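Step one of this worksheet: look at the structure below.
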Amino acid sequence: MPKTPLTDQQLAGLIKKSLIEAPSKDFDDNVMYHIKKEAQKARSLTNNAKISLVFFILGTGFGLLVSHLLPMLGDTVAGIDVKTLVLVFQICYVILILTQLEHIIKLFSRKTENN
Amino acid sequence: MDDIYVRKVCAGDTEAFRYFVEQYKALSISLAVSVVKDEFVAEEVVQDAFINAFRGIKNFKFKSKFSSWFYRIVLNEAFRRLKKMQKEIVDFRHSYDEEIADESEVLTLQQNEQVHLINEALKLLPARESLVLRLFYLQEESIKEVAAITGWTEIYIKVTLHRARKNMHAAIKSLLKKSNNS
């Protein structure tokens, strides 16, 4: 009996039947569970970023206000020279601003990456 | 239709993404199997691809078909996983003239046996050949569309397709011979 090779059309017909279904029956639900988790993560990241920004602005404003008002209290506060107090406060203020600013930038860049 | 659902997802309707899962899972898994050669790994690949597509859906510019954009994500993920697995897929190189079984026997098999044999034959082929065959015949994409999905040149795809057809004939013969012997 002669050996007949498959024609391209027959091969095409056979390959069309080769669609593979997902081995897990709950594949759709699994994917949607991860998608919903991802959406929730993105939402909470946005909220966290907003809250952080608000507190950062409030803190910066409060710090400026305090360093402006402190010298008006007099020469000493609780036996400490006001100039020393202002200097200590300003050093703390600058350190906090720089470290918190870095955190805020990181948070926003994470948010952008996620988007 | 896809565009409507893309807009819905971008507007915050997460559940609308289910449409894409239902629509594209089977072909995505078939494409991923072409690369990773394992159904369960392919399933993980496609799951990751769907998550990546969801994360990046706002970057979809409607310039291409959603399916092409998504299949590209699937293929990137599949090749990334393949590299990670460092699985050695032995290239199937048969002598094309080797007449070891009557290929047309496959047409006399039952439907489920045919599907099994074709999938096994596709697994024997190198990733790129199996991928091109599935995209070209299963998805009925044009050479141009296959190029858009894979990022390969049209000439390379034509050459790969030609080689893939030849290797596919050899793989079918080899599998038929094995099943006849057992």
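Small disclaimer: the values here were computed from a predicted structure and weren't measured.
A 4.5 Å side-chain heavy-atom check between Phe136(B) and Ile15(A) finds every atom pair outside the cut-off. The shortest distance between side-chain heavy atoms of Ile20(A) and Glu43(B) does not fall below 4.5 Å. No side-chain heavy atom of Ile29(B) sits less than 4.5 Å from a side-chain heavy atom of Glu21(A). Looking at heavy atoms from C-beta onward, Leu117(B) lies out of side-chain contact with Leu14(A) at the 4.5 angstrom threshold.
Residue Phe62(B) qualifies as enclosed at atom CZ: its count of foreign heavy atoms under 6.0 Å is above 12. Sparse packing is recorded around CD1 of Ile155(B), with 12 or fewer heavy atoms of other residues, nucleotides or ligands lying under 6.0 Å away.
Side-chain heavy atoms closer than 4.5 Å link hydrophobic residues (I, L, V, M, F, W, Y) into clusters, and following such links, even through other members, never connects Val132(B) to Val159(B). Under the 4.5 Å side-chain heavy-atom criterion for Ile, Leu, Val, Met, Phe, Trp and Tyr, Leu101(A) and Leu53(A) are members of the same hydrophobic cluster. In terms of hydrophobic clustering, with Ile, Leu, Val, Met, Phe, Trp and Tyr side chains grouped at heavy-atom distances under 4.5 Å, Phe89(A) and Val94(A) are assigned to different clusters. Taking hydrophobic clusters as Ile, Leu, Val, Met, Phe, Trp and Tyr residues chained together by side-chain heavy-atom distances below 4.5 Å, Leu175(B) does not share a cluster with Val115(B). Leu87(A) and Leu64(A) end up in different hydrophobic clusters when Ile, Leu, Val, Met, Phe, Trp and Tyr side chains are linked at under 4.5 Å.
Salt bridge annotation for Lys25(B)-Asp28(A): present, with a cationic side-chain nitrogen under 4.0 angstrom from a carboxylate oxygen.
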Start with the C-alpha gap between Ile51(B) and Lys37(A), add the side-chain angles, then the distance that decides, and say whether side chain to side chain contact (heavy atoms under 4.5 Å, CB included) holds.
CA-CA 10 Å; Ile51(B) 295 169; Lys37(A) 235 170 79 177; over 6 Å; no

Could you go through the side chain to side chain contact (heavy atoms under 4.5 Å, CB included) check for Leu11(A) and Ile172(B) one step at a time?
CA-CA 10 Å; Leu11(A) 185 68; Ile172(B) 291 172; 3.9 Å; yes

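In this structure, no portion of Leu31(B) lies under 4.5 Å from any heavy atom of chain A.
Side chain of Thr14(B) to main chain of Lys36(A): no donor-acceptor pair is present (N/O by atom type, distance under 3.5 Å, no hydrogens or angles). No donor-acceptor pair under 3.5 Å is formed between the side chain of Glu38(A) and the backbone N or O of Arg55(B).
Rounding to the nearest 0.5 angstrom, the gap separating the CZ atom in Phe17(B) from the NE2 atom in His34(A) is 13.0 Å. Note that CZ of Phe27(A) is 10.5 Å distant from CD of Glu44(B), once rounded to the nearest 0.5 Å.
Across Asp29(A), Ile35(A), Val31(A), the residue that shares the most heavy-atom pairs under 4.5 angstrom with chain B is Ile35(A). By number of non-hydrogen pairs under 4.5 angstrom with chain A, the leading residue of Tyr137(B), Phe50(B), Phe40(B) is Tyr137(B).
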